[in-house]
Amino acid sequence: MFIRSDREIEHEVRVDVLTRLLWMDTSRVQVTVKDGVVTLSGRMTLRADTRITLWMTRKINGVVDVIDELTWDRDNTPPGQGLTSMRTENRVSGPDECGLP
């Protein structure tokens, strides 16, 4: 297991994943990390953005688990690949649970 500080992990999620890779406005997204467990909460524009964010966060060295408390304004997933209504808390264990390969 790769050990990193919670502060380092939070910085990587905010700066590298949300800002640099996804070019996302992070003002509506909160990132908290405790003992390597990342909680993402707030609101994003597209459901696909939440799925990608969860998957990319899970890949960060030192992340033990990801708790998904994100909601979205518009569900842009293809029919049959997701819920049409917003959901709240969901624990993500791997990329297959985010609907990504």
Side-chain angles (χ1 to χ4, degrees):
M1 175 183 273
F2 188 79
I3 305 289
R4 295 178 69 191
S5 74
D6 290 342
R7 182 174 287 201
E8 288 176 313
I9 294 170
E10 179 182 348
H11 182 266
E12 188 168 342
V13 172
R14 283 189 184 287
V15 175
D16 294 342
V17 173
L18 294 173
T19 304
R20 288 187 186 149
L21 295 173
L22 297 176
W23 299 358
M24 205 169 281
D25 172 17
T26 60
S27 64
R28 297 181 355 164
V29 178
Q30 294 76 49
V31 179
T32 57
V33 184
K34 174 123 173 85
D35 299 327
V37 177
V38 179
T39 301
L40 297 166
S41 58
R43 195 165 190 84
M44 293 184 166
T45 303
L46 301 174
R47 181 172 189 225
D49 291 342
T50 66
R51 296 169 73 182
I52 292 166
T53 300
L54 294 168
W55 182 75
M56 293 177 83
T57 299
R58 187 75 181 126
K59 296 286 190 180
I60 293 173
N61 286 330
V63 171
V64 175
D65 199 3
V66 178
I67 299 172
D68 174 18
E69 295 177 348
L70 293 167
T71 58
W72 55 88
D73 295 325
R74 189 166 48 111
D75 186 352
N76 62 333
T77 56
Q81 289 191 8
L83 303 172
T84 55
S85 62
M86 288 184 285
R87 54 140 170 68
T88 54
E89 187 176 21
N90 185 22
R91 206 171 263 279
V92 177
S93 296
D96 56 325
E97 293 183 28
C98 296
L100 299 171

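Hydrogens, waters and symmetry mates are skipped; everything else that's a heavy atom, side chains included, is used.
Under the side-chain contact (heavy atoms from CB on, under 4.5 Å) test applied with V33, the options R4, E8, E10 reduce to a single match, E10. Remark: of the listed residues T53, L54, I52, I60, I52 is the sole one forming a side-chain contact (heavy atoms from CB on, under 4.5 Å) with M56. Among R14, M44, R43, the single residue meeting the side-chain contact (heavy atoms from CB on, under 4.5 Å) criterion with V29 is M44.
Contact annotation: the side chain of R28 approaches that of D73 to within less than 4.5 Å [non-hydrogen atoms, C-beta and beyond]. Side chains of D35 and V64 form no contact here, defined as non-hydrogen atoms less than 4.5 Å apart.
The two residues V31 and L40 come nearest to each other via the heavy atoms CG2-CD2, 3.7 Å. Smallest separation of non-hydrogen atoms from W72 and T50: CE3-OG1, 4.0 Å. Closest approach of V63 and R58 over heavy atoms only: O-NH1, 3.8 Å.
Put simply, NZ on K34 and CG on D65 are 14.5 Å apart, with the number rounded to the nearest 0.5 Å. Rounding to the nearest 0.5 Å places CG of D16 at 11.0 Å from CG of L22. Taken from CD in E12 to NZ in K59, the straight-line distance is 13.5 Å, to the nearest 0.5 Å. With rounding to the nearest 0.5 Å, the separation of CG in N76 from CZ in R51 is 8.5 Å. Between the OG1 atom in T39 and the CD atom in Q30 there is a gap of 11.0 Å [rounded to 0.5 Å].
Linking Ile, Leu, Val, Met, Phe, Trp and Tyr residues whenever their side-chain heavy atoms come within less than 4.5 Å places L21 and V13 in a single cluster.
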